[in-house]
Visitor: 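Mind looking over this structure? Questions follow.
Start at 1 with the first residue, then count along the sequence.
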Amino acid sequence: MNKNVNPRVTLVGAGPGDPDLLTIKGVKALAEANVVLYDALANEEILAYAPKKSIKIFVGKRKGVHSYSQLQINQLIVDNAFTYGNVVRLKGGDSFVFGRGSEEIEYVESFGIPTFIVPGISSSIAVPANQGISLTKRGVSESFWVITGTTSDSNLSKDVALAAKSTATVVILMGMSKLEQIVSLFQNESKGETPVAIIQNGTMANEKSGFGTIDTISQVVKDNHLSSPAIIVIGEVVRERNKLKGFYKELISNKVCARE
């Protein structure tokens, strides 16, 4: 360890993908970084907020392709903090929503390194909102579940079966590879007509989406060539999305008529 270096680590949530959805506090943290370790889901445009001379290290994971294991990432954070001082760990969405942020912070703190947290806008909320889907709505949905589709042992979370029994909106992250299982669980609860939205690359310029029901969504995915990374939204609020769009079209139409 260099005695002239003051190690510190800031965990920054990068938001859902659109670089404009990074928080101001996140921008300020990046501006002071000596090293940035960033994920696959963190938009690389955000790195422009870090000093040009700072070291940028990609440590992202995609299904079946890992640049580094989680243990290696933990050690990289610590090693760079002791060597260069101020490290920013940049993670997609919010670091504490299936981002393993708490594990990384615990590891870093075990070395006595000061840590700081900058919350991010979670994709579980922002991506549906960007499509006009309100996760809760009076008279439609009083609550929502946010569930990981793939657990640490690569299985579908058991919470999906519990959520399927409820009237809540269900948001599933990292669940595309388990879509058929998810569909089956909801069909078992006689919810084949329940609306479903699948949104790929949410809030990004290359965003794609597909809408259907539990009974039709598998075909919708094939027809629209949807794949990971994507968010699955299940619930009656998805049906309300069309009403919102219709409302705004009517509003614009009325404004045009008023001008004429």
Visitor: So which heavy atom on G92 is nearest to which on A14, and how close?
Guide: CA-CB, 4.2 Å
Visitor: With side-chain contact (heavy atoms from CB on, under 4.5 Å) as the test, would you mind laying out the steps for T151 and S157 before giving the verdict?
Guide: CA-CA 6 Å; T151 61; S157 170; 3.9 Å; yes
Visitor: Tell me whether I199 is reachable from V221 by hopping between hydrophobic residues (I, L, V, M, F, W, Y) whose side-chain heavy atoms are closer than 4.5 Å.
Guide: no
Visitor: Counting N and O atoms only, with roles assigned by atom type, does the side chain of N86 sit under 3.5 Å from a partner on the main chain of E32, one being a donor and the other an acceptor?
Guide: yes
Visitor: Between atom CG of L156 and atom CG of L185, what is the distance when rounded to the nearest 0.5 Å?
Guide: 6.0 Å
Visitor: Return all side-chain donor-acceptor pairs below 3.5 angstrom for residues 36-48, not counting sequence neighbours, or 'none' if the list is empty.
Guide:
| from | atom 1 | to | atom 2 | distance (Å) |
| --- | --- | --- | --- | --- |
| D39 | OD1 | R89 | NH1 | 2.9 |
| D39 | OD1 | R89 | NH2 | 2.9 |
| N43 | OD1 | E45 | N | 2.9 |
| N43 | ND2 | G17 | O | 2.9 |

Visitor: More than 12 heavy atoms of other residues, nucleotides or ligands under 6.0 Å from CD of E142: is that the case?
Guide: no
Visitor: Can you sort out the partners of T216 under side chain to side chain donor-acceptor pair (under 3.5 Å), two or more places apart, ordered by chain and number?
Guide: T213
Visitor: Hydrophobic side-chain clustering at under 4.5 Å (ILVMFWY, transitive links): who's grouped with L21? Put none if nobody.
Guide: I121
Visitor: Is there side-chain contact between R239 and E236, with heavy atoms separated by less than 4.5 Å?
Guide: yes
Visitor: Calculate, to the nearest 0.5 Å, the distance between atoms CD and CD belonging to Q187 and E193 respectively.
Guide: 10.5 Å
Visitor: Step through the shown structure and confirm whether more than 12 heavy atoms of other residues, nucleotides or ligands are within 6.0 Å of OH on Y84.
Guide: no
Visitor: Mind running side-chain contact (heavy atoms from CB on, under 4.5 Å) on I198 and V220 for me, showing each step along the way?
Guide: CA-CA 9 Å; I198 293 183; V220 169; over 6 Å; no
Visitor: Quick check: do R8 and T10 have side-chain heavy atoms less than 4.5 Å from each other?
Guide: yes
Visitor: Working to the nearest 0.5 Å, report the span between NZ of K178 and CE of M176.
Guide: 12.0 Å
Visitor: Considering only heavy atoms from C-beta outward, does the side chain of V5 approach that of N34 to under 4.5 Å?
Guide: no
Visitor: Indicate if V27 and V87 have the same hydrophobic cluster label, given that clusters are the connected sets of ILVMFWY residues with side-chain heavy-atom separations under 4.5 angstrom.
Guide: no
Visitor: Minimum heavy-atom separation for P7 to A81, with atom names?
Guide: CB-O, 3.2 Å
Visitor: Enumerate donor-acceptor pairs with a distance under 3.5 Å from any side-chain N or O in residues 164-174 to protein atoms, sequence neighbours excluded.
Guide:
| from | atom 1 | to | atom 2 | distance (Å) |
| --- | --- | --- | --- | --- |
| K165 | NZ | E189 | OE2 | 3.0 |
| S166 | OG | A163 | O | 2.8 |
| S166 | OG | A168 | N | 3.2 |
| T169 | OG1 | L135 | O | 2.7 |
| T169 | OG1 | S141 | OG | 2.9 |

Visitor: Nearest 0.5 Å, please: how far is OH in Y49 from OG in S54?
Guide: 14.5 Å
Visitor: Sequence neighbours left out, what passes ring-ring contact (aromatic ring centres under 6.0 Å, His included) with Y107? Give chain and number order.
Guide: F111
Visitor: Report whether L22 and F58 are members of the same hydrophobic cluster (ILVMFWY, side-chain heavy atoms less than 4.5 Å apart, transitive linking).
Guide: yes
Visitor: Using the rule that two of Ile, Leu, Val, Met, Phe, Trp, Tyr join whenever any of their side-chain heavy atoms come within less than 4.5 Å, decide whether L76 and I55 are in one cluster.
Guide: yes
Visitor: So, do I182 and I234 sit near enough that their side-chain heavy atoms are less than 4.5 Å apart?
Guide: yes
Visitor: For a 4.5 angstrom cut-off between non-hydrogen side-chain atoms, does F211 reach I133?
Guide: yes
Visitor: What distance separates N74 CG from Y68 OH, expressed to the nearest 0.5 Å?
Guide: 13.5 Å
Visitor: Would you be so kind as to tabulate the donor-acceptor pairs closer than 3.5 Å made by side chains of residues 112-120, with sequence neighbours excluded?
Guide:
| from | atom 1 | to | atom 2 | distance (Å) |
| --- | --- | --- | --- | --- |
| T115 | OG1 | E109 | OE2 | 2.6 |

Visitor: Taking side chain as C-beta onward, heavy atoms only, is I232 less than 4.5 Å from V196?
Guide: yes
Visitor: With heavy-atom distances below 4.5 Å as the criterion, would you say the side chains of V160 and F186 are in contact?
Guide: yes
Visitor: Please check if V237 and I217 belong to a single hydrophobic cluster, counting links between Ile, Leu, Val, Met, Phe, Trp and Tyr side chain heavy atoms closer than 4.5 Å.
Guide: no
Visitor: Checking side chain to side chain donor-acceptor pair (under 3.5 Å) for the pair N130/E207: CA distance, chi angles, key distance, verdict?
Guide: CA-CA 10 Å; N130 195 54; E207 178 177 291; 3.3 Å; yes
Visitor: So, K208 side chain and H225 main chain: donor-acceptor pair closer than 3.5 Å or not?
Guide: yes
Visitor: Side chains of F144 and T136: does their closest heavy-atom pair fall under 4.5 Å?
Guide: yes
Visitor: Out of curiosity, L30 CG to K56 NZ, how far, rounded to the nearest 0.5 Å?
Guide: 9.5 Å
Visitor: Of the non-hydrogen atoms in A33 and V88, which two are nearest, and what is the gap between them?
Guide: CB-CG2, 3.7 Å
Visitor: Please name the pair of heavy atoms, one in E104 and one in I73, separated by the smallest distance, quoted to 0.1 Å.
Guide: OE2-CG2, 3.9 Å
Visitor: Please name the pair of heavy atoms, one in A230 and one in S227, separated by the smallest distance, quoted to 0.1 Å.
Guide: CB-O, 3.5 Å
Visitor: Kindly give the heavy-atom pair with the smallest separation between S218 and V183, and that separation in Å.
Guide: OG-CG2, 4.1 Å
